[in-house]
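What follows is a set of notes on a single structure, which appears directly below.
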Amino acid sequence: MILNSDFFNRDSLIVWKELLWKKFNFIDSSWYKFSGIINEVEIYKWTEDEASHAYTGKTPRNKVMFETFWHIYVYFVYGMYNCLNFTTEKTWTPGAILIRSIIPIDGIEKMLQNRKTKNLSNLTNWPAKLCQALWIDKSLYWKKLCTKNKIFTEDINYKIKTPILEWPRIGISKAQDKNWRFWFKN
DNA sequence: TATACGATCACCT
DNA sequence: GGTGATCGTATAC
């Protein structure tokens, strides 16, 4: 079952729980298919979250968080990396879930090529590595998560068996008291 | 118009 | 464990 607008049009603190163990699919411009199981996320939530890009208000970069849910928010960091987010929560309520890690399923050959590595365990297990492996960049900004756009999330009826771990988010200097990073071990 | 810095990673010791 | 790479964005002037 493909996850639709109703799935993302909810509180981020609810969406993340159901997003773990879902399958992320991305088919690139040459119809090459990538996919993987989402196993680590972080939540960025208005308005009480100082670490969120949306905290200080709407800007050209973050406006997709304000104006949509069920869409892609890609941003560029540290001069060389991209990070992938899904927007959540109703329009004008900016929320996003950062996809920090997936367990690769389809397209592993090309992921290895894109990342210039032979190390499987090092392939898609951090946000910027994930984008390198799948060649995700700002061209996906504001795309809707649906099959027509060849980028979507899918419920494949995995039952969560592994305990979910909560932890402070990574690489931020503000709002470190929030345990809004969630993941499970492979 | 100028400046400082970040939701990071790879490579070095 | 420490550091350099590298540039879009926000913010200050």
Side-chain angles (χ1 to χ4, degrees), chain A residues 8 11-17 19-20 22 24 26 34 36-89 93-104 108 110-143 145 151 153 164-184 186:
Chain A
F8 293 96
D11 193 309
S12 309
L13 292 167
I14 296 173
V15 175
W16 77 261
K17 288 187 188 176
L19 200 55
L20 286 179
K22 296 298 184 285
F24 173 64
F26 172 56
F34 296 102
I37 303 295
I38 296 167
N39 73 327
E40 182 174 341
V41 298
E42 282 180 9
I43 296 175
Y44 289 89
K45 183 174 162 53
W46 210 47
T47 57
E48 68 268 39
D49 182 10
E50 274 190 85
S52 170
H53 287 167
Y55 182 71
T56 51
K58 198 170 92 160
T59 67
R61 177 172 67 146
N62 69 21
K63 64 181 180 183
V64 69
M65 291 173 77
F66 284 81
E67 296 184 17
T68 75
F69 48 90
W70 187 34
H71 283 63
I72 304 284
Y73 172 36
V74 175
Y75 65 87
F76 189 74
V77 276
Y78 299 117
M80 52 179 101
Y81 298 115
N82 290 295
C83 292
L84 173 70
N85 300 249
F86 301 155
T87 60
T88 54
E89 315 212 13
T93 307
I97 297 185
L98 168 65
I99 310 303
R100 289 192 53 85
S101 174
I102 65 173
I103 303 167
I108 291 175
K110 199 161 174 182
M111 290 182 196
L112 291 168
Q113 246 177 52
N114 287 344
R115 293 258 307 119
K116 298 186 173 63
T117 178
K118 291 180 179 173
N119 187 349
L120 273 177
S121 64
N122 197 20
L123 205 51
T124 54
N125 63 333
W126 284 88
K129 295 185 199 170
L130 169 64
C131 288
Q132 284 180 345
L134 272 61
W135 217 261
I136 285 171
D137 60 28
K138 285 190 76 173
S139 64
L140 294 172
Y141 187 85
W142 210 294
K143 290 245 188 201
L145 279 163
I151 183 162
T153 47
I164 292 174
L165 307 168
E166 302 184 10
W167 212 255
R169 291 168 293 180
I170 305 283
I172 56 171
S173 53
K174 294 170 184 163
Q176 291 177 332
D177 56 315
K178 291 185 167 56
N179 287 341
W180 281 359
R181 172 180 176 227
F182 304 97
W183 53 295
F184 57 83
N186 298 6

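Not measured: the values here are computed from a predicted model. In what follows, every chain begins at residue 1, and chains take the letters A, B, ... in the order their sequences are listed.
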To the nearest angstrom, how far is A:L84 atom CG from B:dC9 atom P?
13 Å
Audit row: A:F182, A:L20, side chain to side chain contact (heavy atoms under 4.5 Å, CB included) steps and yes/no:
CA-CA 8 Å; A:F182 304 97; A:L20 286 179; 4.3 Å; yes
Taking A:R169 first and then A:D49, would you say they form a salt bridge - that is, a charged N and a carboxylate O separated by under 4.0 Å?
yes
Can you name the side chain to side chain contact (heavy atoms under 4.5 Å, CB included) partners of A:W135, sequence neighbours left out?
A:N114
A:W142/A:K63 under side chain to side chain contact (heavy atoms under 4.5 Å, CB included): CA gap, chis, key distance, verdict
CA-CA 9 Å; A:W142 210 294; A:K63 64 181 180 183; 3.6 Å; yes
Between A:E48 and A:K178, is the side chain to side chain contact (heavy atoms under 4.5 Å, CB included) condition met? List the steps.
CA-CA 10 Å; A:E48 68 268 39; A:K178 291 185 167 56; 4.1 Å; yes
Between A:D11 and A:K45, does any side-chain N to carboxylate O distance fall below 4.0 Å?
yes
Enumerate all atom pairs, one protein N or O and one N or O from nucleotides 10-13 of chain B, separated by less than 3.5 Å.
{"residue": "B:dA10", "atom": "OP1", "partner": "A:R115", "partner atom": "NH1", "Å": "2.8"}
{"residue": "B:dA10", "atom": "OP1", "partner": "A:R115", "partner atom": "NH2", "Å": "3.1"}

In residues 168-178 of chain A, what residues come within less than 4.0 Å of DNA chain B, judged by heavy atoms?
A:I170, A:G171, A:I172
Quick check: does any side chain N or O of A:Q176 sit under 3.5 Å from a backbone N or O of A:P168, one acting as donor and the other as acceptor?
no
Within the 4.0 Å heavy-atom criterion, would you say A:A128 contacts the bases, only the backbone, or no part of the nucleic acid?
sugar-phosphate
Check for me: is A:Y75 stacked on B:dA7 by the 5.5 Å centroid and 30° plane-angle rule?
no
Tell me whether A:R100 is salt-bridged to A:E40, with the criterion being a basic N under 4.0 Å from an acidic carboxylate O.
yes
Protein-proximity profile, nucleotides 6-13 of chain C, B/S/- by nucleotide at the 4.0 Å heavy-atom cutoff, equals BBSSSS--
A:F86 and ring-ring contact (aromatic ring centres under 6.0 Å, His included): which single residue from A:F24, A:Y44, A:W16 fits?
A:F24
Rounded distance in Å - CG (A:N114) to P (B:dC9):
16 Å
Could you go step by step and tell me if A:R115 and A:K129 meet the side chain to side chain contact (heavy atoms under 4.5 Å, CB included) rule?
CA-CA 7 Å; A:R115 293 258 307 119; A:K129 295 185 199 170; 3.4 Å; yes
How would DNA chain C look in dot-bracket form, 5' to 3', counting Watson-Crick and G-U wobble pairs with both distances under 3.5 Å and writing | for bases paired to another strand?
|||||.||||||.
A:D137 and A:S139: side-chain hydrogen bond (donor to acceptor under 3.5 Å, both in side chains), yes or no, with the steps?
CA-CA 5 Å; A:D137 60 28; A:S139 64; 2.6 Å; yes
Quick test of your reading: applying side chain to side chain donor-acceptor pair (under 3.5 Å), list the pairs with at least one residue in residues 70-84 of chain A, sequence neighbours left out, ordered by first then second residue.
A:H53-A:Y73
First locate atom CD1 of A:I72, then atom CG of A:L145, and finally report the distance between them rounded to the nearest 0.5 Å.
4.0 Å
Figure out the CD1/P separation between A:I136 and B:dT8, and round it to whole Å.
16 Å
